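Side chains are part of it too, since the values below use all heavy atoms of this structure and drop only hydrogens, waters and symmetry mates. If you're wondering where the values come from, they're calculated on a predicted model, not measured in any experiment.
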There are 2 protein chains.
Amino acid sequence: MKTKDRILDAAIKLFNEQGTSAVSTNHIAEAAGISPGNLYYHFGNKEEIIREIFERLFHVWDVSFDLPRDRIPTLEDIQGVVRTNFEIIRQYRFAYREILALLRQDSVLHDRYITIRQRGYEGFREMIPILVTLGTLRGPIDSETAVRLADLIWLISEFWLSEVEVEGQIIDDYQMQRGIELMMEVLKPYIPPPDE
Amino acid sequence: MKTKDRILDAAIKLFNEQGTSAVSTNHIAEAAGISPGNLYYHFGNKEEIIREIFERLFHVWDVSFDLPRDRIPTLEDIQGVVRTNFEIIRQYRFAYREILALLRQDSVLHDRYITIRQRGYEGFREMIPILVTLGTLRGPIDSETAVRLADLIWLISEFWLSEVEVEGQIIDDYQMQRGIELMMEVLKPYIPPPDE
DNA sequence: GTCTATATCGCGATAGAC
DNA sequence: GTCTATCGCGATATAGAC
C-alpha cells in the first residue's frame with residue numbers, strides 16, 4: 001500500500017497547487033517518483049484517484065466532528081469543531097474549491113458524497129437544540145430558528161475559507177479566526193450572560 | 001458583434017451544464033453553429049472567452065446592486081438585492097461554481113476580478129451603518145459588528161446557492177427563499193419592532 | 001510491482017481558400 | 001467573416017518485458 005499512498009499524497013499536493021484539470025496522471029506519477037505505467041497499475045484512471053482522496057476526506061470528517069460526550073460542551077468546544085473543520089479544508093483545499101465541478105463530472109462520487117454529507121449534516125442540525133438543553137446556549141429557540149442557525153454555521157464552516165480566497169487573501173490563522181467570529185456573531189443572541 | 005455574442009451565449013450554456021474543463025472550443029463552436037476556425041477568428045482562445053463572460057458578469061453586477069436612493073430603503077429592498085444576486089448567480093452558475101479554480105488558472109482575470117469585487121464589497125460594507133442611520137435597522141451597532149454582519153450577508157449572497165447544490169438540491173425559488181431567510185435570521189436582532 | 005514503449009485520441013491553434 | 005483542412009502536442013491508457 002506504500003506506492004498507492006505516495007500517489008495519493010502527490011496528487012493532493014498537486015491538485016491543491018494547480019487544480020485537478022491542470023494536473024495529468026503523468027504529472028502525478030512524476031511527482032510520486034514512479035512511472036506513468038505504474039500509476040495505472042494502482043489506479044484505473046484519474047477519476048479513481050480523486051475518489052480515493054475523497055474517501056480519505058470522508059474518513060477525516062468522521063473522526064473529527066464530535067463534541068465531547070463526557071462533559072457539557074462549551075462555546076469553546078463549538079469553536080474547536082469549526083476550527084478543526086477549517087484545518088481539514090486547508091489540507092484538502094482543491095476538493096472544496098472544485099467540489100461542484102468534481103461532483104458533476106463523476107456521478108458515483110456525487111452519490112457517495114451526498115450520502116456522507118447528509119449524515120453529517122443531520123447530526124449537526126440536532127446540535128442547537130442539544131446545546132440549549134444543556135444550557136450552553138440560551139433558549140428558547142424555536143425549531144425553525146434552530147435549523148437556520150445550524151444552516152448558517154454550516155455555511156460558514158464550509159465556505160468561509162472560499163470567501164477568503166475569493167477575496168484574494170491567503171488562508172491563515174487570522175482568517176480562520178475571522179470565520180470563528182462570524183459564527184459567534186450568529187450565536188450572539190443566544191449566548192448566556194456570564195454567571196458569577 | 002452578432003457571432004461573438006452567439007459564441008458567448010453558447011459557451012455560458014455549455015459551461016453551466018458541463019463545467020469549463022469538459023467543454024472544448026470545438027464544442028462551443030458546434031453549439032454556436034459555426035466552425036472551429038471561425039471561433040478563433042473572434043477569440044484567441046478559451047481563456048479569452050471566459051474573460052469576456054466575466055466582463056458581462058461584472059457589468060450585470062454594476063447595474064443591479066443599488067438600494068433605492070430616492071426613498072428610505074426597506075427590509076424588502078435589502079431582500080430584493082440578495083434575490084437579484086441569486087438570479088445572477090443562477091445565470092452565470094459555472095463562474096461561481098468554479099471561481100477559485102478559474103482565478104488560479106488566469107492571473108489576468110484574477111487581478112481584474114479582485115479589483116471589481118473589492119469595489120462592490122466596500123460599498124456593501126457601508127450599508128449596515130447607513131441602514132441604521134436611516135432607521136431601517138435598529139442600532140446601536142458597533143463598527144466591528146457592522147462589518148461582521150455585512151460579511152455574513154455577503155457570504156450568504158455569494159455561497160448559499162453553492163451550498164444548495166452541494167446538498168444535491170436543484171436551485172429554485174424555494175431554495176432562494178431559504179437563503180433570504182438565513183439573511184433575515186442574521187439581521188433579526190436588529191430589526192425594529194413594527195410601529196403602529 | 002515496476003518499468004519502457006507505444007497506440008489512440010481529441011484538443012488548441014493556424015493556414016489558406018472563399 | 002467564415003469555412004475546410006491539418007499540424008503538433010500532450011493526455012489517457014495499454015502491452016509486454018523485467
Which atom pairs link the protein and nucleotides 9-12 of chain D when you take only N or O atoms and keep those under 3.5 Å?
unit_1 : atom_1 : unit_2 : atom_2 : d
D:dT12 : OP2    : A:T25  : N      : 2.9
D:dT12 : OP2    : A:T25  : OG1    : 2.6

Check the interface with nucleotides 3-7 of chain C: list each N/O to N/O pair with the protein under 3.5 Å, or write none.
unit_1 : atom_1 : unit_2 : atom_2 : d
C:dC3  : OP2    : A:S35  : N      : 2.8
C:dC3  : OP2    : A:S35  : OG     : 2.9
C:dC3  : OP2    : A:N38  : ND2    : 3.1

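The distance between the ring centers of B:W61 and B:F124 does not fall below 6.0 angstrom.
Salt-bridge check for B:R51 with B:E48: failed, with every basic side-chain N at 4.0 Å or more from each acidic carboxylate O. Salt-bridge annotation for A:E144 and A:R148: absent, with no side-chain N of the basic residue lying under 4.0 Å from a carboxylate O of the acidic one. Ion pairing between A:R117 and A:E158 holds under the 4.0 Å rule for side-chain N and carboxylate O. Ion pairing between A:E87 and A:R90 holds under the 4.0 Å rule for side-chain N and carboxylate O. The pair A:R104-B:E98 does not count as a salt bridge, with every side-chain nitrogen at least 4.0 angstrom from each carboxylate oxygen. Contact check on A:D9 versus A:R56 returns a salt bridge, with a Lys/Arg side-chain nitrogen under 4.0 Å from an Asp/Glu carboxylate oxygen. Salt-bridge check for B:R125 with B:D151: failed, with every basic side-chain N at 4.0 Å or more from each acidic carboxylate O.
Annotation: proximity of residues 6-20 of chain B to DNA chain C (heavy atom, distance under 4.0 Å) is found for no residue.
Applying the 6.0 Å contact sphere to CD of A:Q79 captures more than 12 heavy atoms from other residues, nucleotides or ligands.
Atom-to-atom, CD1 of A:I28 to C1' of D:dA13 comes out at 14 Å; the value is rounded to the nearest Å. Atom C1' of nucleotide D:dT2 and atom NZ of B:K4 are separated by 16 Å, given to the nearest angstrom.
Looking only at atom types and distance, the side chain of A:W160 has no donor-acceptor partner in the side chain of A:Q175 under 3.5 Å away.
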